Amino acid sequence: MSKKILSALFGAALAALALSPVAMAEPQELAEMHVEMDGCEACHEDGEPSADGAFEFEQCQSCHGTLDEMDAVHQPHEGNLMCADCHAPHDMNVGDTPTCDSCHDDGITSESVLK
């Protein structure tokens, strides 16, 4: 295939991706996405936030697994943090990735020391 044809195909693919419904979708809060599943009860007992977040943490784990069952970023936090410590469901959009530098001086490494 000629370089012109390959360039045209690549350009068309990029345009299709940029115009796809996913790319054009409005940002959605994590909480909004979970509400679509089962209302506020998807995360909150009787639809009301708990005082300590323990019920919500258990709800996260019932769908997503424990921190220890997740990837290397989550595993060291088992027993130390709850999901909402990093993933603020009413403030973050789906696809947002929390950063580690709010607690760690040098990001995500096993040698990181809490500030």
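Worth saying up front: this structure is predicted, and the values here are computed from it rather than measured.
Proximity of S50 to E45: side-chain heavy atoms (C-beta onward) are nowhere separated by under 4.5 Å.
Closest non-hydrogen pair, A84 versus P89, comes out as CB-CD, 4.3 Å. L30 and A88 make their closest contact through CD1-O, 4.4 Å (heavy atoms, listed as atom of the first residue, atom of the second, distance). Summarising the geometry of P27 relative to N93, their closest heavy-atom pair is CB-ND2, 3.3 Å, with the distance given to 0.1 Å. Contact between C86 and P98 at its shortest, heavy atoms only, is O-CB, 3.4 Å. Summarising the geometry of H34 relative to A42, their closest heavy-atom pair is O-CB, 3.5 Å, with the distance given to 0.1 Å. In terms of heavy atoms, V73 sits closest to H77 at O-ND1, 2.8 Å.
When the side chains of ILVMFWY residues are joined at heavy-atom separations under 4.5 Å, either directly or via intervening members, F55 and F57 end up in two distinct hydrophobic clusters. Put simply, M92 and V94 are part of the same group of oily side chains (I, L, V, M, F, W, Y) that touch within less than 4.5 Å, one to the next.
For H44, the side chain to side chain donor-acceptor pair (under 3.5 Å) partners are E56, not counting sequence neighbours.
Note that OG1 of T97 and NE2 of H87 are 8.5 Å apart. Values are rounded to the nearest 0.5 Å. The line from CE of M70 to CD of Q61 is 7.5 Å long, rounded to the nearest 0.5 Å.
Side-chain contact annotation: D101 with T99, donor-acceptor N/O pair under 3.5 Å present. Inspection of the H74 and D71 side chains reveals an N or O donor paired with an N or O acceptor under 3.5 Å.
With hydrogens and angles disregarded, a donor-acceptor distance shorter than 3.5 Å links the side chain of D52 to the backbone of A54.
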